[in-house]
Novice: 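For reference, the structure I am asking about is given below.
Start at 1 and go down the list; that is how both ligands and their atoms are numbered. Basis for what follows: all heavy atoms, side chains included, without hydrogens, waters or symmetry-related copies.
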Amino acid sequence: MTAEYKVHGAIAVITLNNPPVNGLGHSTRLAVTDGLVKANSDVAVKAIVITGAGKAFSGGADIKEFGSPKALQEPNLLSVILAVENSAKPVVAAVHSVCMGGGLELALGCHYRIAAPGCSVALPEVKLGLIPGAGGTQRLPRALGVEPALNMIVSGEPVKSELLAMIPGQKLFDKIASSAEALAAEALAYAMDVSEARPLPLVRNLPCRHPQGDAYFQFARNMVKGMAKNYPAPAKCVDAVEAATKQKFDVGMVTERDIFVNLMWSPESRALRHVFMAERAASKIHDVPADTAQRAINLVAIIGAGTMGGGIAMNFLNAGIPVKMLEMKQDALDRGLAIIAKNYESQVKKGKLKQDKYEQRMSLLSTTLSYDDLSDADMVIEAVFEELGVKEAVFKELDRVMKPGAILASNTSTLDVDKIAAFTKRPEDVVGMHFFSPANVMKLLEVVRGAKTGKDVLATVMTVAKKIRKTAVLSGVCDGFIGNRMIEQYGRQGGFLLDEGCTPAQVDKAVEKFGFAMGPFRMGDLAGNDIGWAIRKRRYQEKPDMKYSKTADLLCEKGRFGQKTGAGWYDYVAGKRDAIPNAEVEQMIATHRESLGINPRKISDEEIVQRLVFSLVNEAAHILEEGIANKASDIDIVYIFGYGFPPYRGGPMNYADEVGLFNVVQAMNRFAQNPLDDAAFWKPAPLLAKLAAEGKTFN
Ligand code: NAI
């Protein structure tokens, strides 16, 4: 049963019980309406309490039903709420821990609400490109007041119950329990208190006005427009709440429903819901069962206190996990330590971190110059120079000193994890943990599975990733793993576009208008153009037939490595990140173009975006086919969390699905006709060609 029914004296208690967060799936909804019927027909029952078992009152819709017809199957949530409102006996919602989305809408339909302190209350639908669809936009402004309600609906962010209860005139919570533990008993007592009250109060009957309505909503609309940009839902939240102030309740409910249904079909909401599901799916590995025994990780060692080592250490310190850092020399350790401290201090200065928290985190960090000090660590992450010989020396030492069962991870971004594993006598304990720079900020973690990596090691690393708040995606071993292997093709297209007539700024602008956080050339300047240069030099040896534009090499020959040298594709002013176009660079590109005998042509933004994005898609199709990525949605997650792909387009694979794979292949065939492009690359990957021919999608 996904909700329990029990009678305590004169009070019937309906307890939502659908772990993990009491999602309001069909069977739960049915159990609630059944409970209401039972309670109303039992003469011994005087009032009803609805509450949630375990860790939540209710987190809202059941994500297992997302977008399926089951979500609408009667009794749908609107019908359940109506049944609650129509109960002849008073219904008290006893909310605690988490009360979100449909859970809050259900509570708002109850006659009374008592909340435990510390309960997170939210209507987060906007984060999925939606508005609340079961009365939330109509009832919350009536219960809480128009402005705080709109703030909650537009932001989707949770607010603590005790803070909401302090809002003057609010009717959201009739009572705050003295403690979370006391909620159950106090809810029973409160239900008894109100058992004879008639008529029963309904939120729908409360007035809903804003004294300066027109001005306020105009103001709200302007604010939202500036911030929401390519996301349609926030502005629709304003419309729906305005309707609550101007329309009768039932009419406002129809307005809410119309907006909700329209948003449900929008590509933005489809994409955001895809990302939501994809992120949850990413942590699941098909051949690693959920109940795989995991290793305990209570102490982490990090080798190398450079750019990555320091950032990686901060992730663990933030999560309260002690870290030991090892370097070859004391001054390198001191430097690494100072950078970590400086990072935290700037957070303290900005008010983002309390001084005591900072001190607490630093106290978890210790340093050493000796491998023998690492024998008590449960996991070690290597972040030394990117050279196989250096990695070999380090991993041989680790094999010597680490305790049996310790996990040996490498942060390598290009090297073969299987070769690294072979430096040890325990390849099953070796795994890649590819963090992205800055490692304390970027959400993405590619977990690289070697041929011999143990399943329990993978399961443990996925859990550790969650603890340090990373979104982990599994990748197989290949050059560049998922993300960088794809970005190489994207970068190559960027080069061809310059050769054919674009400026870096034109390409970047087109891609940024599409929604990327940054175009390819600004990204190159941020990451350092020398990194790509080094990779290309290697490629020229390995793949002499592969076609490359030479412009990026010319740029690097001028020492224009990007932001770190103050000059790259653009110029930079010290301390600022604005990219200022540089006439010399544009001339350099033009001269090179002339030397190739190319007549520049005007290239449309649409062509720029398609060539760049479809180059990602085609490489991704190879990656999927080779089993480097387990599922298409994993690739979407890599690009959204690691490469600034716009979430409202759902990642490259979801975007290709939306465009239609047939159309993608058609465009690629066109690009292959361009003599200045690389026809061999544009041959659709077999998987892509097959799906397109069958009218299927990646996801
Ligand atoms: P870095 O040069 O900033 O830091 C490397 C540190 O390792 C230095 O402090 C050096 O003293 C230390 N080190 C070198 N050999 C050592 C040894 N034998 N024992 C102990 N310490 C040693 O380099 P960075 O950028 O932090 O890169 C480290 C690793 O992370 C590389 O494998 C790199 O490919 C990878 N990586 C780098 C990213 C980046 O954006 N910088 C992104 C993702 C991965």
Novice: Looking at Met227, I'd like to know if its CE atom is crowded, meaning that more than 12 non-hydrogen atoms belonging to other residues, nucleotides or ligands lie closer than 6.0 Å.
Specialist: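 Atom CE in Met227 is not packed in, count stays at 12 or less.
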Novice: Just to be sure I'm reading this right: ignoring hydrogens, which of Leu526, Asn411, Thr307 gets closest to atom 36 (N) of ligand 1? Compare them by their nearest heavy atoms.
Specialist: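 The residue whose heavy atom sits nearest atom 36 (N) of ligand 1 is Asn411.
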Novice: Please determine, by modelled atom types, if Glu268 and Tyr231 share a side-chain donor-acceptor pair under 3.5 angstrom.
Specialist: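 There is no such pair between these side chains.
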Novice: Salt bridge between Lys547 and Asp499, side-chain N to carboxylate O under 4.0 Å?
Specialist: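 Salt bridge between Lys547 and Asp499, a charged N being under 4.0 Å from a carboxylate O: no.
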Novice: To the nearest 0.1 Å, how far is atom 4 (O) of ligand 1 from its closest protein heavy atom, and which atom is that?
Specialist: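 Minimum-distance protein heavy atom for atom 4 (O) of ligand 1 reads Gly306 CA, 3.3 Å.
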Novice: What protein heavy atom sits nearest atom 2 (O) of ligand 1, and how far off is it?
Specialist: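 Checking every protein heavy atom, the shortest distance to atom 2 (O) of ligand 1 gives Phe385 CE2, 3.4 Å.
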Novice: Considering only protein heavy atoms, which is closest to atom 32 (O) of ligand 1, and at what distance to one decimal place?
Specialist: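 Looking only at protein heavy atoms, the one closest to atom 32 (O) of ligand 1 is Glu386 OE1, 2.5 Å.
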Novice: Kindly identify the option in Ser437, Ser413, Ala439, Gly389 whose heavy atom sits closest to atom 34 (O) of ligand 1.
Specialist: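 Going through Ser437, Ser413, Ala439, Gly389 one by one, Ser413 has the nearest heavy atom to atom 34 (O) of ligand 1.
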Novice: Specify the protein heavy atom at minimum distance from atom 37 (C) of ligand 1: its residue, its atom name, and the distance to 0.1 Å.
Specialist: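 The closest heavy atom on the protein side is Met308 CG, 3.3 Å.
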Novice: Using the six-membered ring of Tyr548, assess whether NZ or CZ of Arg492 lies under 6.0 Å from its centre and within 45 degrees of the ring axis.
Specialist: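 Yes.
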Novice: Out of Phe435, Tyr371, Phe436, who is nearest to atom 43 (C) of ligand 1 when you count heavy atoms only?
Specialist: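 Nearest option to atom 43 (C) of ligand 1, by heavy atoms: Phe435.
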Novice: Taking only heavy atoms of Ile303, which atoms of ligand 1 are found under 4.0 Å from at least one of them?
Specialist: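 Selected atoms, number and element: 20 (C).
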Novice: Would you mind running through ligand 1 and noting each atom that sits below 4.0 Å from a heavy atom of Thr412?
Specialist: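 Heavy-atom distances to Thr412 below 4.0 Å select 32 (O).
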Novice: Assess, by modelled atom type and distance only, whether the side chains of Asp677 and Gln493 contain a donor and an acceptor separated by less than 3.5 Å.
Specialist: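 Checked: Asp677/Gln493 side chains pair up, N/O donor to acceptor below 3.5 Å.
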Novice: With a heavy-atom distance limit of 4.0 Å, tell me whether Val394 approaches ligand 1 through its side chain, its backbone, both, or neither.
Specialist: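 It is the side chain that touches ligand 1; the backbone stays farther off.
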Novice: So, does Lys391 sit close enough to ligand 1 that a heavy atom of it is under 4.0 Å from the ligand?
Specialist: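 Per 4.0 Å heavy-atom rule, Lys391 contacts ligand 1.
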Novice: Identify, for atom 6 (C) of ligand 1, the protein heavy atom at the shortest distance, and state residue, atom and that distance.
Specialist: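 Nearest neighbour among protein heavy atoms for atom 6 (C) of ligand 1, to 0.1 Å: Glu327 OE2, 3.6 Å.
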Novice: Numbering the atoms of ligand 1 from 1, which are under 4.0 Å from a heavy atom of His434?
Specialist: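 Selected atoms, number and element: 43 (C), 44 (C).
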Novice: Within the structure, does at least one protein heavy atom fall under 4.0 Å of atom 40 (O) of ligand 1?
Specialist: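 Yes; the ligand atom in question has protein heavy-atom contact below 4.0 Å.
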Novice: Donor-acceptor pair, distance only, cut-off 3.5 Å: does the side chain of Asp571 make one with the backbone of Asn582?
Specialist: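 No, Asp571 side chain to Asn582 backbone: no donor-acceptor pair under 3.5 Å.
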Novice: Distance under 6.0 Å and angle within 45° of the ring axis: does Lys576 meet both against Tyr570?
Specialist: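 The answer is no; the distance or angle limit is not met.
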Novice: Quick one: nearest non-hydrogen protein atom to atom 19 (N) of ligand 1, plus distance?
Specialist: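 Heavy-atom neighbour on the protein nearest atom 19 (N) of ligand 1: Met328 CG, 3.4 Å.
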Novice: Check whether any side-chain N or O of Arg295 sits under 3.5 Å from a backbone N or O of Val457 as a donor-acceptor pair, and report yes or no.
Specialist: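 No: the side chain of Arg295 does not pair with the backbone of Val457.
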Novice: Nearest heavy-atom pair of Lys466 and Ser283: which atoms, and what distance?
Specialist: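 Looking at all heavy atoms of both residues, the shortest contact is NZ-OG, 3.7 Å.
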Novice: Are Thr367 and Glu327 linked by a side-chain donor-acceptor pair shorter than 3.5 Å?
Specialist: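 There is no such pair between these side chains.
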Novice: Looking only at protein heavy atoms, identify the closest one to atom 22 (C) of ligand 1 and say how far it is in Å.
Specialist: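 So the nearest neighbour among protein heavy atoms is Val384 CG1, 3.4 Å.
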Novice: For atom 5 (C) of ligand 1, which candidate among Ala383, Gly528, Gly304, Ala393 provides the closest heavy atom?
Specialist: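 The residue whose heavy atom sits nearest atom 5 (C) of ligand 1 is Ala383.
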Novice: Is Glu500 paired with Arg611 through a side-chain N to carboxylate O contact shorter than 4.0 Å?
Specialist: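 Yes.
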Novice: Going by the order shown, which atoms of ligand 1 are within less than 4.0 Å of some heavy atom of Val390?
Specialist: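 Here the atoms of ligand 1 in question are 15 (N), 18 (N).
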